[in-house]
Amino acid sequence: MEEHSYLNSRVEAVTNIETHIHELGNIFSRFSEMVAQSQYTVDRIDDNVNTAHDSLLAGRDELMRYWQSSQGNFWLMAKISFVLLFFLTFFIMFIL
């Protein structure tokens, strides 16, 4: 009888271990699904960062192109400002 109770306790222990192993398998399965979903999110973030970087470089190039074109037009802008200032002064002094 003692041997029978020992065997029953061993069977129960093996059953518990099998249940725990099955639960661990489920946990790892859910974990792998979460990792796969996270990978999708990380890929989307990476794509968005690359797009933002490309847009930033394009914007910088446009600003540099505008800066270089405005450097050549400095004297033209100064002349136009001077003429506008002259007409504004003329208008204020003689018309008003």
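- Note: His4 NE2 to Ser9 OG = 10.5 Å, rounded to the nearest 0.5 Å.
- Distance check, rounded to the nearest 0.5 Å: NZ of Lys79 to CG of Leu84 gives 14.5 Å.
- Considering CG of Leu24 and CZ of Phe28, their distance stands at 6.0 Å, rounded to 0.5 Å.
- One finds the NE2 atom of His22 at 11.5 Å from the CD1 atom of Ile27 (value rounded to the nearest 0.5 Å).
- Between Phe90 and Phe86, the angle of the ring planes stays under 30°, which puts this pair in the parallel group of the 30/60° scheme.
- Using modelled atom types, one finds no donor on one side chain facing an acceptor on the other under 3.5 Å when comparing Glu12 with Asn8.
- Remark: side-chain polar atoms of Thr15 are paired, donor with acceptor, to backbone N or O of Val11 under 3.5 angstrom.
- For the atom pair Ile45 CD1 and Ser38 OG, the distance stands at 9.5 Å (nearest 0.5 Å).
- Looking at Arg60 and Leu57, their side chains come closer than 4.5 Å, going by heavy atoms from C-beta outward.
- By the 4.5 Å heavy-atom criterion applied to side chains, Val35 and Phe31 are counted as neighbours.
- Asp46 CG to Thr51 OG1: the interatomic distance, rounded to the nearest 0.5 Å, is 9.5 Å.
- For His53, the side-chain hydrogen bond (donor to acceptor under 3.5 Å, both in side chains) criterion is met by no residue, not counting sequence neighbours.
- For the salt bridge (Lys or Arg N to Asp or Glu O under 4.0 Å) test, residues two or more places apart in sequence or in another chain that qualify with Arg65 are Glu62.
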